[in-house]
A.B. asks: 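First the structure, then my questions, so here it is.
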2 protein chains.
Amino acid sequence: MSEQRTTQSSAIIGALRQQLNSQTLAAGNKLPAERELADLFDTTRITVKEALHHLEAEGLIYREERRGWFVSRPRLVYNPVSRSHFHALVAAQQRVATTRVLSCETVLAPAELVSDMALAPLSRLTRICRLRSIDRRPVLYTEHYLIPEYFPAIGEQDLSQSLTRLYEHQYGLRYGRSRFDICPTAARGEAARALSLAEGSPVLAVTRINYDQQGRIIDCDREIWRHDAVRIRIDSQEPAFSG
Amino acid sequence: MSEQRTTQSSAIIGALRQQLNSQTLAAGNKLPAERELADLFDTTRITVKEALHHLEAEGLIYREERRGWFVSRPRLVYNPVSRSHFHALVAAQQRVATTRVLSCETVLAPAELVSDMALAPLSRLTRICRLRSIDRRPVLYTEHYLIPEYFPAIGEQDLSQSLTRLYEHQYGLRYGRSRFDICPTAARGEAARALSLAEGSPVLAVTRINYDQQGRIIDCDREIWRHDAVRIRIDSQEPAFSG
DNA sequence: GAGTGGTCTAGACCACCTT
DNA sequence: AGGTGGTCTAGACCACTCG
């Protein structure tokens, strides 16, 4: 029944958790350096890291590469099904959103998308990469893959706005049904760098395949969320077998 | 543009990833012991652990406490909105499901549920804890909190079956709407022990508040999934602002 | 240049699982 | 009893960020 063996690292976790709960360490604050914490708790950096990784996994703190550890802010409540615009959603939760366009180019369709989007082999897609921040902290890296035929000259548009809105106003395309995949995994490559995450940090990947109102696939988007920055909330009105 | 600095740990990650892709290490296999890997790659256990944690975060391998590291099986594709029964869902994906009832007792309502479920302070709830496995591997720990008045003598029922079915057939209660929260976090306490996860391992928490067809809250359930065992898939038929 | 985390060495003892 | 991961020591150098 031992609720928790008191290891050194769990003692550190407990102490920090208390400081976090009592707001002594408030959202956005920087934690003391790992070496400083090691001195404070009279142990080594490895043990301190162990404790920090634990709190990171819980989402209470986060890292920025070589900058230090920080106290997480409340998670954004996000409903991928409702398609609310990112900036509006963030504003509604009293936070400040920014979007930075990283790139927009034509690329060979990645192998997994060829099958997911039912493309001809060696198809080309327009890829738009963006980085979105809340309160100046990067929390979401997105890649949109568009069928080029439907979106001529999209590179000349303002891509920092809602793409959903752009699709509709500029190209007359509205979403019909979509398929979402939500998958906990690890940050790698471009996404890790953009989010200033260490390779292998836990993230939440949301992949969406979008159809228009005629049932044609029009694009696919991959969202990589910092795992501690988001909570997905979905309201279902009627269960599948109620009728 | 350095795609990946070649640290020792990334070399180990690469080597293991290759073995995993080529099925040399096939799903369910046990990896060599950490000490053995350290010898193999001529490094220390800490560096090996670093690499293993990385692959664990990606969901390619998993740990069982003090038993070793194993190759993950394909993720279960799960749609929480559709409410399909766990055993049926798993069988449809050519896997074998088992359910073990851990406990069923009356408890004081946890503080967060008092507000989420709009209960009177110090209310009592019936809590049912279960552990569900796929192909003999525990992957899902669930806690159901029921309003006791609606479910008299539920402790005498067979609780290893679908509770949804039991609600309907035994108590005449059918779900109306529900609210889901999906949140990546870390395993703690009872859930960690039941899933034989180390405290702090990443998990996916799915919390659901269920209303019946008259709009009364009837129960709340918390699901803790091993993060590498599941992929959530939701098909949306009509976006919120299409009509 | 100072400070930070990222990586790494070469060990050690302990708690728990398997046989 | 022997093997495994869990925890820990006491350092070290490197790469990157920031002022």
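To find a chain, count down the sequence lines: A is the first, B the second, and so on, and within it residues start at 1. Bear in mind that the values here come from a model prediction, so they are computed numbers and not experimental data.
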A.B. asks: Regarding B:Arg132 and B:Thr99, do their side chains bring together a donor and an acceptor under 3.5 Å, going by distance alone?
C.D. replies: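 Yes, B:Thr99 and B:Arg132 have a side-chain donor paired with an acceptor closer than 3.5 Å.
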A.B. asks: Within this structure, what is the CZ-to-P distance between A:Arg193 and D:dC16, rounded to whole angstrom?
C.D. replies: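 Between P of D:dC16 and CZ of A:Arg193: 12 Å.
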A.B. asks: Rounding to an integer number of Å, can you tell me how far A:Arg45 CZ sits from C:dG3 P?
C.D. replies: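 My rounded result for the distance is 14 Å.
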A.B. asks: What's the NE2-C1' distance between B:His53 and D:dT7, to the nearest Å?
C.D. replies: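 Those two atoms, NE2 and C1', are 11 Å apart.
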A.B. asks: Can you pull every protein N or O that's under 3.5 Å from an N or O on nucleotides 17-19 of chain C?
C.D. replies:
residue	atom	partner	partner atom	Å
C:dT18	OP1	B:Arg67	NE	2.7

A.B. asks: Is B:Asp228 paired with B:Arg137 through a side-chain N to carboxylate O contact shorter than 4.0 Å?
C.D. replies: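 Judged by the 4.0 Å cut-off on N to carboxylate O distance, B:Arg137 and B:Asp228 do form a salt bridge.
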A.B. asks: Between B:Lys49 and D:dG6, is there a contact of a side-chain N or O with OP1 or OP2 at under 4.0 Å?
C.D. replies: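 Affirmative; the distance criterion is met.
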A.B. asks: Is B:Thr44 close enough to C:dG11 that one of its side-chain N or O atoms is under 4.0 Å from OP1 or OP2 there?
C.D. replies: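 Checking B:Thr44 against C:dG11: no side-chain N or O falls below 4.0 Å of OP1 or OP2.
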A.B. asks: Rounded off to whole Å, could you give me the CD-to-C1' distance for the A:Glu64 and D:dA15 pair?
C.D. replies: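 To the nearest whole Å, that distance equals 17 Å.
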A.B. asks: Do the numbers put A:Arg226 on top of the ring of A:Tyr141, so that NZ or CZ is under 6.0 Å from the six-membered ring centre and no more than 45° off the axis?
C.D. replies: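 Ring-cation test returns no.
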A.B. asks: Is B:Glu223 salt-bridged to B:Arg208, cutoff N-O under 4.0 Å?
C.D. replies: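 Between B:Arg208 and B:Glu223 there is a salt bridge, with a charged N closer than 4.0 Å to a carboxylate O.
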A.B. asks: Report the distance from atom OH of B:Tyr62 to atom C1' of D:dG5, rounded to the nearest whole Å.
C.D. replies: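 Going from OH in B:Tyr62 over to C1' in D:dG5 covers 15 Å.
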A.B. asks: Less than 4.0 Å between a side-chain N and a carboxylate O, is that true for B:Arg127 and B:Asp221?
C.D. replies: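 So B:Asp221 does not pair with B:Arg127 through a salt bridge.
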A.B. asks: Tell me which donor-acceptor pairs under 3.5 Å the side chains of residues 31-41 of chain A have, and how far apart each pair is, sequence neighbours excluded?
C.D. replies:
residue	atom	partner	partner atom	Å
A:Glu34	OE1	A:Arg45	NE	3.2
A:Glu34	OE1	A:Arg45	NH2	3.2
A:Glu34	OE1	A:Lys49	NZ	3.4
A:Glu34	OE2	A:Trp69	NE1	3.0

A.B. asks: Within less than 4.0 Å of OP1 or OP2 of C:dG6, is there a side-chain N or O belonging to B:Gln8?
C.D. replies: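 The answer is no; no side-chain N or O of B:Gln8 sits under 4.0 Å from OP1 or OP2.
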A.B. asks: Please report, rounded to the nearest Å, how far the P atom of C:dG6 is from the NE2 atom of B:His54.
C.D. replies: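 Roughly 14 Å, once rounded to whole Å.
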A.B. asks: Less than 4.5 Å apart, side chain to side chain, heavy atoms only: is that true for B:Val71 and B:Leu20?
C.D. replies: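 Yes, close enough: below the 4.5 Å cut-off.
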A.B. asks: Using whole Å, what does the distance between atom C1' of nucleotide D:dC8 and atom CG of A:Asp42 come to?
C.D. replies: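 About 12 Å, once rounded to whole Å.
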A.B. asks: I want to confirm an ordering. Mapping A:Ile46 and B:Trp69 to their closest nucleotides on DNA chain D, which one lands closer to the 5' end?
C.D. replies: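 The residue closer to the strand's 5' end, by nearest nucleotide, is B:Trp69.
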A.B. asks: Hey, is B:Glu58 close enough to B:Arg17 for a salt bridge, meaning N to O under 4.0 Å?
C.D. replies: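 Salt bridge between B:Glu58 and B:Arg17, a charged N being under 4.0 Å from a carboxylate O: yes.
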A.B. asks: Would you indicate, yes or no, if C:dG6 has its OP1 or OP2 atom less than 4.0 angstrom from a side-chain nitrogen or oxygen of B:Thr7?
C.D. replies: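 No, because none of the side-chain N or O atoms of B:Thr7 sits under 4.0 Å from OP1 or OP2 of C:dG6.
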A.B. asks: NA contact type, A:Arg63, heavy-atom cut-off 4.0 Å: base, sugar-phosphate, or nothing?
C.D. replies: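 Result for A:Arg63 = sugar-phosphate.
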A.B. asks: If you compare every side-chain N and O of B:Thr43 against the phosphate oxygens of C:dC8 (OP1, OP2), does one of them come in below 4.0 Å?
C.D. replies: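 It does not, given that no N or O in the side chain of B:Thr43 lies less than 4.0 Å from OP1 or OP2 of C:dC8.
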A.B. asks: Take the protein atom CG of A:Leu52 and the nucleotide atom C1' of C:dT4, then report the distance between them rounded to whole Å.
C.D. replies: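 Interatomic distance, CG of A:Leu52 to C1' of C:dT4: 13 Å.
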A.B. asks: Does the side chain of B:Ile232 reach to within under 4.5 Å of the side chain of B:Leu204, using non-hydrogen atoms?
C.D. replies: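 Side-chain contact under 4.5 Å: yes.
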A.B. asks: Scan residues 26-41 of chain A against DNA chain D and write down, sorted by residue number, each residue with any heavy atom closer than 4.0 Å; if none is found, say none.
C.D. replies: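 Contacting residues: A:Arg35.
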A.B. asks: Please tell me if the side chains of B:Asn29 and B:Phe70 come closer than 4.5 Å, counting only heavy atoms from C-beta onward.
C.D. replies: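 The answer is no, as the side chains (C-beta and beyond) never meet within the 4.5 Å cut-off.
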